[in-house]
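All remarks here apply to the structure that follows.
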Amino acid sequence: RQVLKACLQKDPKQRVRDIGDVRLALEGAFETVVTPAGDTPAAPKVEGPRWRRLLPVVGTALVVGAAAGAVGWLVARPGPGAVVTWSHVLPEGRFFRNTGRPVLTVSPGGESFVYNASGGLYLRTMGELEDHAIGGTEGGVLTNPFFSPDGRSIGFFLDGQLRRMAITGGASTALAPASNPWGASWGSDGTILYAQPDGIWQVSENGGAPEHLIETAPGEQAHGPQRLPGGEWILFTLAGQTETTRWDAASIVVASPASGEQRVIRTGGSDARYLPTGHLVYAFENVLYAVPFDVGRLEETGGPVPVVNGVRRAAVTGAAFFDVSSVGTLVYATGTDNEERQLVWVDRAGQETGIAAPPRAYQYPRISPDGAQVALDIRDEQNDIWIWSLARETLTRLTGRPCGHPTAAASRT
């Protein structure tokens with residue numbers, strides 16, 4: 001305060017001319033030297049303006065203030081710190097939809113996340129108390145939302161197409177056909193990777209002809225591709241079995257489209273993501289694990305450590321309902337895809353009428369053409385397809401082995 005006052009003095013003799021005066025004062029140029037009696041007399045004491053006499057103290061305060069500011073800046077930078085957790089509860093009557101594929105994604109900067117639920121995609125910004133619907137995502141079979149690197153756009157799959165749109169909503173743009181997607185990621189190089197039953201594909205963020213980068217063998221299924229730093233290698237999950245536990249027995253692999261080389265990083269786990277901290281995060285059962293990973297040598301450098309318990313998983317795919325931003329924000333859904341549900345009729349006015357079928361982990365109900373039966377994928381002990389007879393009110397198992405969701409011509413209601 002004294003220095004600033006001195007800079008604003010009207011009297012030129014009392015005004016600080018430039019920062020050179022401040023530097024000289026800090027170096028003690030205006031201080032007097034007191035000599036003991038009998039020594040050479042000291043030079044006459046020059047008092048000088050009051051602000052110069054105060055500068056050593058003021059200078060110390062400025063240095064401490066600058067240091068405190070630097071510490072605050074360092075603390076604000078991404079890095080280890082106190083863990084802060086909070087929850088977002090879906091409003092009553094809203095449920096995750098199309099849960100065979102990933103249902104949520106977090107923006108690269110960690111300031112917002114998007115989830116897929118009844119009624120469309122919903123955006124929740126960390127600084128707001130409520131989420132809001134993204135217009136233009138209400139209808140169709142929409143799955144697997146994922147953010148663009150700048151956080152301004154969202155990608156997803158809708159009715160057999162890979163599409164993108166602004167995070168603010170509106171019309172979406174078709175980029176490529178994708179009849180059966182198994183995870184996707186949007187790279188900083190302007191390309192989008194996505195998995196299909198025949199392997200991993202790539203397309204420009206602006207659309208165009210997709211390129212088949214990695215081909216899978218018959219009986220194999222790739223899931224969740226992500227391009228690693230450097231651009232040559234792609235990280236993904238590869239499952240080669242048909243049992244319901246195949247994703248916990250799957251391999252986390254990297255492959256080079258240029259050379260065709262493929263390396264197994266870990267066996268046991270799925271939906272792996274590489275983080276800028278030098279870790280892989282992956283799911284096994286309902287637990288997220290993190291393991292140190294050397295992206296240059298393409299190998300783990302330590303053992304896995306559990307990060308979060310109780311993460312929801314898709315019942316028949318490798319999808320775990322979580323995502324991690326580039327600054328370390330983790331978003332995940334809790335619960336299980338095998339939760340018991342009650343079958344109901346819903347009329348055009350939205351009124352529900354209960355069906356006498358017992359509560360079970362129902363998925364993908366399909367009504368027969370004559371309206372007398374409903375095919376149901378039940379995800380509990382057997383994970384089979386069952387038939388509910390509306391007239392006899394009986395439930396009969398149709399299959400005795402794991403299989404995909406049933407298909408049937410649906411009658412209008």
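These values consider heavy atoms only, across backbone and side chains, with no hydrogens, waters or symmetry-generated copies.
- No more than 12 heavy atoms of other residues, nucleotides or ligands sit less than 6.0 Å from atom CZ of Arg152.
- A donor-acceptor contact shorter than 3.5 Å links the side chain of Ser326 to the backbone of Pro108.
- A donor atom on one side chain and an acceptor atom on the other are found under 3.5 Å apart for Glu232 and Ser256.
- Under the 4.5 Å side-chain criterion, counting only non-hydrogen atoms from C-beta, Phe147 is not in contact with Val106.
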- Are Trp186 and Glu205 close enough, and set up right, to give a side-chain hydrogen bond (donor to acceptor under 3.5 Å, both in side chains), and what steps lead you there? CA-CA 8 Å; Trp186 197 325; Glu205 62 185 10; 2.8 Å; yes
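- Side-chain atoms of Pro181 and Tyr194, non-hydrogen and from C-beta on, never get closer than 4.5 Å to each other.
- The two residues Pro145 and Phe156 come nearest to each other via the heavy atoms CA-CB, 4.2 Å.
- Taking OG from Ser148 and CD1 from Ile167, the interatomic distance works out to 8.0 Å, rounded to the nearest 0.5 Å.
- In this structure, CD1 on Ile200 lies 10.5 Å from NE2 on His223, to the nearest 0.5 angstrom.
- Applying side chain to side chain contact (heavy atoms under 4.5 Å, CB included) to Phe322 and the options Val331, Val308, Leu330 leaves one that passes, Leu330.
- The minimum heavy-atom distance linking Pro257 with Ile234 is given by the pair CG-CD1, 3.8 Å.
- The closest donor-acceptor contact from the side chain of Asn98 to the backbone of Thr143 lies at 3.5 Å or more, if one exists at all.
- Salt-bridge annotation for Arg313 and Asp271: absent, with no side-chain N of the basic residue lying under 4.0 Å from a carboxylate O of the acidic one.
- Judged by distance alone, the side chain of Ser325 and the main-chain N or O of Val327 form a donor-acceptor pair under 3.5 Å.
- Among residues at least two apart or in separate chains, ring pair (Phe, Tyr, Trp, His ring centres under 6.0 Å) pairs with a member in residues 254-293 are Tyr282-Tyr289.
- Distance OG1/Thr168 to CD1/Ile134: 8.5 Å, rounded to 0.5 Å.
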- Evaluate side chain to side chain contact (heavy atoms under 4.5 Å, CB included) for Leu213 paired with Leu193, printing each intermediate quantity in order. CA-CA 9 Å; Leu213 295 183; Leu193 296 175; 3.7 Å; yes
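- When every heavy atom of Thr216 is checked against every heavy atom of Gly199, the shortest pair comes out as OG1-N, 3.4 Å.
- Using a 4.5 Å cut-off on side-chain heavy atoms (C-beta onward), Leu280 and Ile265 make contact.
- With Tyr115 as the partner, the side chain to side chain donor-acceptor pair (under 3.5 Å) test is satisfied by one option alone out of Arg94, Arg124, Arg97: Arg94.
- Of all heavy-atom pairs between Ala283 and Leu288, the closest is CB-CD2, 4.0 Å.
- Between the side chain of Thr137 and the backbone N or O of Leu121 there is at least one donor-acceptor pair closer than 3.5 Å.
- To the nearest 0.5 Å, atoms CH2 (Trp386) and CG (Asp377) are separated by 12.0 Å.
- In this structure, Val305 and Val291 have side chains that are not in contact, with every pair of non-hydrogen atoms separated by 4.5 Å or more.
- Here Trp345 contributes atom CH2 and Leu390 contributes atom CG; the two are 5.0 Å apart, rounded to the nearest 0.5 Å.
- In terms of heavy atoms, Ala290 sits closest to Val281 at CB-CG2, 4.2 Å.
- Looking only at distances, no side-chain donor or acceptor of Asp294 sits under 3.5 Å from a matching main-chain atom of Glu300.
- In this structure, the side chains of Thr173 and Met165 stay at 4.5 Å or more apart for every pair of heavy atoms.
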- Between Leu123 and Ser112, is a side chain to side chain contact (heavy atoms under 4.5 Å, CB included) present by the stated rule, with each step listed? CA-CA 7 Å; Leu123 173 68; Ser112 60; 3.8 Å; yes
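- A heavy-atom distance below 4.5 Å is not found between the side chains of Leu235 and Pro225.
- Nearest heavy atoms, Pro229 versus Val295: CD-CG2, 3.9 Å.
- When side chains are defined from C-beta on, Val114 counts as touching Ile154, because their heavy atoms get closer than 4.5 Å.
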- Query: Would Val311 and Val287 count as a side chain to side chain contact (heavy atoms under 4.5 Å, CB included) if you check the C-alpha gap in whole Å, the side-chain angles of each, and the deciding distance to 0.1 Å?
  - Reply: CA-CA 6 Å; Val311 176; Val287 181; over 6 Å; no
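- Under 3.5 Å, the side chains of Arg227 and Gln202 contain a donor-acceptor pair of N or O atoms.
- Side chain of Glu220 to main chain of Ala217: a donor-acceptor pair is present (N/O by atom type, distance under 3.5 Å, no hydrogens or angles).
- A side chain to side chain contact (heavy atoms under 4.5 Å, CB included) with Leu395 holds for exactly one of Ile387, Val374, Leu376; it is Leu376.
- For Glu299, the CD atom sits in a packed shell: over 12 heavy atoms of surrounding residues, nucleotides or ligands are nearer than 6.0 Å.
- Atom CD of Gln221 sits about 9.0 Å away from atom CG of Asp198, to the nearest 0.5 Å.
- Side-chain contact, Thr105 with Asp323: a donor N or O sits under 3.5 Å from an acceptor N or O.
- Using a distance-only test at 3.5 Å, with no hydrogens or angles considered, no donor-acceptor pair links the side chain of Ser172 to the main chain of Arg163.
- A 4.5 Å side-chain heavy-atom check between Pro304 and Arg266 finds at least one atom pair inside the cut-off.
- The main-chain N or O of Glu128 is never found under 3.5 Å from a side-chain atom of Thr125 such that the two would form a donor-acceptor pair.
- Remark: side-chain polar atoms of Glu261 are not paired, donor with acceptor, to backbone N or O of Ser259 under 3.5 angstrom.
- The salt bridge (Lys or Arg N to Asp or Glu O under 4.0 Å) pairs that include a residue from residues 99-113 number zero, where partners must be two or more places apart or lie in different chains.
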- Query: After noting the C-alpha distance and the side-chain angles of Ile192 and Leu162, does the key distance pass the side chain to side chain contact (heavy atoms under 4.5 Å, CB included) rule?
  - Reply: CA-CA 10 Å; Ile192 296 174; Leu162 169 62; 4.0 Å; yes
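- For Gln196 (side chain) and Asn180 (main-chain N/O), a donor-acceptor pair under 3.5 Å exists by modelled atom type.
- Between Phe113 and His88, the ring planes lie perpendicular to each other; the angle is over 60°, past the 30° to 60° tilted range.
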